[in-house]
Amino acid sequence: MKLAALLGPIGEAPWIALDTEADSLHAYPEKVCLIQISLPETDELIDPLSAIDLGPLFKALGNHELIMHGADYDLRLLRKHHDFAPRAIFDTMLASRLMGVMQFGLTKLVNQYLGVTLDKGSQKADWARWPLTERMEAYARNDTHHLKPLADKLTAELEGKGRLAWHQESCARLIRDCSETKPQNLDLVWRLKGSHRLTRAGLAVLREIWHWRELEAIEANKPPYFILQHEALVELASAAGAGRAVDPLIPVRFSRHRRERLTAAIRQGLAVPAQKRPEPVRQVFRRINDATKRRLAELQTRRDARAAELGIDPTLIASRAVLLDLAEDWNAHEAELMNWQRDLLK
């Protein structure tokens with residue numbers, strides 16, 4: 001079905017299920033490669049990489065509650081690449097977790113609630129490569145085809161347990177959180193795992209070769225770890241910062257051009273004046289007084305008891321970090337809780 005012909009059915013649909021596929025395992029930066037939409041009478045696949053105006057589609061979708069599964073990544077992708085945020089969603093993953101389901105992947109839920117076995121063989125496929133194979137098309141359609149009957153069963157369970165309002169509030173919070181554009185901390189983005197052990201000279205090198213890898217990844221249209229893994233970057237920076245040979249650490253598969261640009265980045269890092277080299281990030285430990293420790297223990301005990309009564313993951317009510325904030329100053333942080341979370345912790 002052509003997109004223009006689909007807009008009418010979308011506008012009139014009593015429900016819409018939505019999913020997306022991206023190419024984050026194959027390209028850099030990632031992009032939305034496929035949009036799957038299920039309506040009562042059809043399952044449609046939309047190619048957002050083609051030269052079509054998707055504005056009317058998102059305008060039509062914006063008037064509906066969208067049924068999605070594990071919507072976090074999809075919402076962030078759609079906000080980032082298409083400036084789209086839905087009015088409301090029903091997230092089947094969130095719903096299942098609020099019912100205490102521990103295995104909440106779509107395949108598990110569809111099998112548990114609907115008795116249907118899904119083929120997940122195309123999960124890591126390159127969705128930017130068109131035309132799609134028959135297996136990829138079937139996989140993509142199945143990602144939305146079963147969401148409505150699954151949502152119906154979960155809705156009935158949530159209503160039976162008095163948790164439907166919890167789910168609605170959680171979905172609204174998810175949309176809000178995924179719609180926020182947070183500025184990137186340019187002094188932290190390149191500090192990879194293990195970099196805290198580097199000298200200031202090593203940190204200066206790591207910063208330069210991290211930026212080198214970003215440029216290489218964009219040029220090659222490959223995820224950065226395909227160019228060089230995090231651990232290798234840190235190892236190179238450590239060796240260079242300590243004055244050890246780096247050539248043995250450079251992969252032999254590198255082309256001459258890539259090797260030259262990497263060694264130039266290393267030299268550039270080593271050339272940074274001592275006073276301008278990055279400072280190590282010192283871990284700040286929160287000092288907790290005895291009164292706060294007692295309140296934290298009380299809150300954690302209350303949270304865990306309520307979670308056990310409800311049969312849900314305690315962290316759905318509040319993480320330990322949130323509990324610590326509340327223990328230090330309840331009045332300052334209680335607004336961060338959703339209403340249902342606050343009620344359970346009181």
Side-chain angles (χ1 to χ4, degrees), residues 20-33 72-74 76-77 79-81 123-129 177-178 180-286 319 321:
T20 68
E21 301 294 343
D23 57 357
S24 58
L25 296 177
H26 304 274
Y28 190 75
E30 93 285 307
K31 53 191 174 293
V32 182
C33 300
D72 184 304
Y73 184 57
D74 302 284
R76 294 184 191 280
L77 275 178
R79 175 70 175 84
K80 176 181 178 181
H81 295 286
Q123 196 167 19
K124 297 183 179 180
D126 185 354
W127 295 98
R129 299 181 65 136
D177 290 347
C178 293
E180 293 177 350
T181 303
K182 298 179 181 178
Q184 197 175 46
N185 188 327
L186 299 180
D187 189 49
L188 292 180
V189 67
W190 55 268
R191 294 179 184 266
L192 306 175
K193 182 180 179 181
S195 63
H196 65 283
R197 294 190 292 269
L198 296 177
T199 63
R200 291 185 66 187
L203 289 172
V205 171
L206 179 62
R207 182 173 60 188
E208 294 300 325
I209 62 177
W210 184 90
H211 286 292
W212 158 82
R213 188 180 67 168
E214 284 290 293
L215 293 174
E216 293 286 327
I218 293 170
E219 182 177 297
N221 193 30
K222 292 290 184 183
Y225 57 82
F226 276 33
I227 307 298
L228 203 58
Q229 294 187 347
H230 291 354
E231 297 81 2
L233 283 184
V234 174
E235 191 176 4
L236 273 168
S238 177
R244 302 194 305 273
V246 297
D247 282 351
L249 301 176
I250 300 176
V252 295
R253 61 181 168 81
F254 273 15
S255 66
R256 179 179 61 83
H257 187 49
R258 178 169 287 176
R259 178 182 291 266
E260 287 174 351
R261 289 197 289 197
L262 171 56
T263 54
I266 293 172
R267 288 195 300 271
Q268 189 170 343
L270 291 173
V272 174
Q275 67 273 17
K276 292 187 177 181
R277 291 170 181 166
E279 294 277 1
V281 174
R282 303 299 179 189
Q283 189 172 359
V284 178
F285 295 95
R286 295 172 71 167
S319 67

Handout entry: Minimum side-chain heavy-atom gap Arg267-Thr263 below 4.5 Å
Key = yes
Practice task
Report, as yes or no, whether the 6.0 Å neighbourhood of atom CZ on Arg286 holds more than 12 heavy atoms from other residues, nucleotides or ligands.
Solution key: yes
Exercise for the section: Spell out, as yes or no, whether a donor-acceptor pair under 3.5 Å connects the side chain of Arg79 to the backbone of Cys178. Expected result: no
Exercise for the section: Hey, could you give me the CZ/CD distance between Arg76 and Glu180, rounded to the nearest 0.5 Å? Expected result: 8.5 Å
Problem - Test item: Trp212 and Arg258 side chains (from C-beta on) under 4.5 Å apart, heavy atoms - result: yes
Problem - Side-chain (Arg200) to main-chain (Ala274) donor-acceptor, under 3.5 angstrom - result: yes
Problem - All salt bridge (Lys or Arg N to Asp or Glu O under 4.0 Å) counterparts of Asp187, not counting sequence neighbours - result: Arg191
Handout entry: Heavy-atom check, side chain of Leu262 versus side chain of Glu216, under 4.5 Å
Key = no
Exercise for the section: Report yes if some heavy atom in the side chain of Ile250 is under 4.5 Å from a heavy atom in the side chain of Leu236; otherwise report no. Expected result: yes
Problem - Between CH2 on residue Trp127 and CG on residue Leu25, distance to nearest 0.5 Å - result: 12.0 Å
Problem - Residues, nucleotides or ligands: over 12 heavy atoms within 6.0 Å of His211 NE2 - result: yes
Practice task
List for me each residue that meets salt bridge (Lys or Arg N to Asp or Glu O under 4.0 Å) alongside Arg129, sequence neighbours excluded, and say none if there are none.
Solution key: none
